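What follows is a set of notes on a single structure, which appears directly below.
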Number of protein chains: 2
Amino acid sequence: MTKTTPGLRPQPAIGSTGAADALSPAGALRIGDVAKLVGTTPRTIRYYEEIGLLQESLPRTSGSHRLYSEEEVDRLREVMRFKQLLGVSLEQLKTLLAAEEARSAVKEQLRRGGVDANRRKGLLEEALEHVEKQLELVQARLADLTRLQEELCSARRRIRCRIEELRSG
Amino acid sequence: MTKTTPGLRPQPAIGSTGAADALSPAGALRIGDVAKLVGTTPRTIRYYEEIGLLQESLPRTSGSHRLYSEEEVDRLREVMRFKQLLGVSLEQLKTLLAAEEARSAVKEQLRRGGVDANRRKGLLEEALEHVEKQLELVQARLADLTRLQEELCSARRRIRCRIEELRSG
DNA sequence: TCGCAAGCTCACGTCAACGTAAGGATTGGA
DNA sequence: TCCAATCCTTACGTTGACGTGAGCTTGCGA
């Protein structure tokens with residue numbers, strides 16, 4: 001706690017330098033605010049954009065400061081969550097999270113009122129595939145972890161039993 | 001698949017250059033065999049030894065080739081399992097896996113017939129603490145993964161529903 | 001209008017976790 | 001005995017995932 005403690009945990013605060021709502025697009029956030037919200041650093045966000053894990057954050061401000069919508073914040077949250085829980089590389093995450101892109105493409109198409117049913121169905125099925133792939137991974141990991149947990153529990157039982165033996169025997 | 005595909009998956013084979021049982025100590029394995037068994041490389045095993053994650057593999061052959069017992073292979077398996085499932089650094093693993101050391105100390109003491117009950121109890125309680133720490137971590141991870149799984153399941157449901165709507169509506 | 005915190009773009013630094021190559025010693029089978 | 005495969009140590013290279021300035025521009029509260 002010598003410095004200013006950059007804060008690794010997500011901050012519930014929203015306003016960065018005071019009260020700041022309704023910037024250019026509705027509810028746009030700057031990179032520093034986003035970083036605090038999700039518990040990371042601006043550099044990391046830029047890096048994720050650099051390697052194509054996040055889109056290029058268009059549009060920016062009249063200058064060239066990045067602006068983020070709530071959706072993009074959610075996307076970032078997903079990225080970090082999958083990264084932490086599945087322990088996969090960012091490269092793998094790029095393909096794994098293609099689902100989100102399909103989903104947001106669906107939303108986008110919905111908003112524009114484009115009602116090409118075939119195209120929508122295609123996008124939905126694509127999204128479905130990706131989600132199923134994610135599920136497979138998550139469930140495989142869950143199975144492994146559950147086995148590990150069981151083994152640890154029985155190890156704990158055995159140890160407790162031995163201690164008990166020593167105490168009474 | 002252009003090169004020789006070093007083989008990342010654990011091999012069920014045991015004999016390395018043919019049939020090799022009963023070397024110096026009973027059932028001793030050489031580093032290459034161990035690597036194949038657990039699905040890694042000799043370099044990695046040496047590295048783990050170098051940073052103190054594995055003990056120094058004593059004794060060696062009359063030359064200075066490392067020899068491993070089944071116990072040491074199991075230890076390595078544990079290391080890799082925790083690493084993959086918990087996604088922690090090797091440094092953290094060093095403290096986290098101290099449990100195994102306590103447990104093997106107990107076994108060691110048992111084999112030697114040393115029946116200092118107090119010492120044994122101490123070791124057992126130490127092992128218990130470590131196992132409980134491991135369990136906490138595993139269970140926390142399990143909880144997070146379970147939530148993620150549920151969310152993915154409901155996302156899947158929603159997508160399927162929409163596809164169905166498109167099909168019949 | 002001014003000032004300063006926060007952003008931007010290079011570009012180099014870093015740290016963990018190994019890979020890889022060099023040069024030589026060991027092993028176990030033919 | 002001999003030799004190809006394996007192993008040894010030492011040391012430098014690499015890759016992913018950011019950290020850390022430098023030098024400059026922007027945003028915004030006083």
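Predicted, not measured: the structure shown is a model, and the values here were computed from it. Proteins come first, then strands; the chains are lettered A, B, ... in the order of their sequence lines, and each starts at number 1.
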ask   = Closer than 4.0 Å, any side-chain N/O of A/T44 to the OP1 or OP2 of D/dG19?
value = yes
request  = Measure from CD on A/E56 to C1' on C/dT9 and round the result to the nearest Å.
outcome  = 13 Å
ask   = If each of A/G63 and A/I51 is mapped to the nucleotide of DNA chain D with the nearest heavy atom, which maps nearer the 5' terminus, i.e. the 5' end?
value = A/I51
task = Answer yes when B/R81 and B/E78 have at least one side-chain N-carboxylate O distance shorter than 4.0 Å, and no when they do not.
result = yes
request  = Verify the contact: side-chain N or O of B/S62 to OP1 or OP2 of C/dT27, cut-off strictly under 4.0 Å; return yes or no.
outcome  = yes
task = Starting from P on D/dA17, measure out to CD on A/E50 and report it in whole angstrom.
result = 12 Å
query = With respect to the phosphate group of C/dA25, does any side-chain polar atom (N or O) of B/R60 fall under 4.0 Å of OP1 or OP2?
reply = no
query = Whole-Å distance between D/dT6 P and B/I45 CD1?
reply = 15 Å
inquiry  = Just so I know, are the side chains of A/Q55 and A/E72 near enough to count as touching, which here means a heavy-atom distance under 4.5 Å?
reply    = no
inquiry  = Both B/Y47 and A/S64 contact DNA chain C. Taking the nearest nucleotide for each, which residue is further toward the 5' end?
reply    = A/S64
request  = Look at the side chain of A/S89 and decide which nucleotide, out of C/dC8, D/dA17, D/dG27, has an atom nearest to it.
outcome  = D/dA17
task = Please report, rounded to the nearest Å, how far the P atom of C/dA6 is from the NZ atom of A/K36.
result = 6 Å
key: A/K83 side chain near D/dC18 phosphate (N/O to OP1/OP2, under 4.0 Å)   = yes
query = Would you call A/E136-A/K133 a salt bridge at under 4.0 Å N-O?
reply = no
request  = Tell me whether the OP1 or OP2 atom of D/dG19 has a side-chain N or O from A/R46 closer than 4.0 Å.
outcome  = no
message = Assess whether a salt bridge exists between B/R30 and B/D33, defined as any Lys/Arg side-chain N lying under 4.0 Å from an Asp/Glu carboxylate O.
response = no
message = For a quick test of reading the model: is some side-chain N or O of B/R30 closer than 4.0 Å to OP1 or OP2 of C/dT27?
response = no
query = Reckon B/T61 has a side-chain N or O less than 4.0 Å from the OP1 or OP2 of D/dC7?
reply = no
request  = Map A/R43 and B/I31 onto DNA chain D by nearest heavy atom, then report which one ends up closer to the 5' terminus.
outcome  = B/I31
query = With no hydrogens and no angle check, is any side-chain donor or acceptor of B/Q134 less than 3.5 Å from a backbone partner on B/L96?
reply = yes
ask   = What's the CG-C1' distance between A/D33 and C/dA6, to the nearest Å?
value = 10 Å
ask   = Nearest of C/dA17, D/dT9, D/dG27 to any side-chain atom of B/R66?
value = D/dT9
task = Let me know the distance between CG of A/L29 and P of D/dG27, rounded to the nearest Å.
result = 16 Å
query = How long is the line joining OH of A/Y48 and C1' of D/dC18, in whole Å?
reply = 8 Å
task = Round to a whole Å and report the spacing from CG of B/L53 to C1' of C/dA16.
result = 13 Å
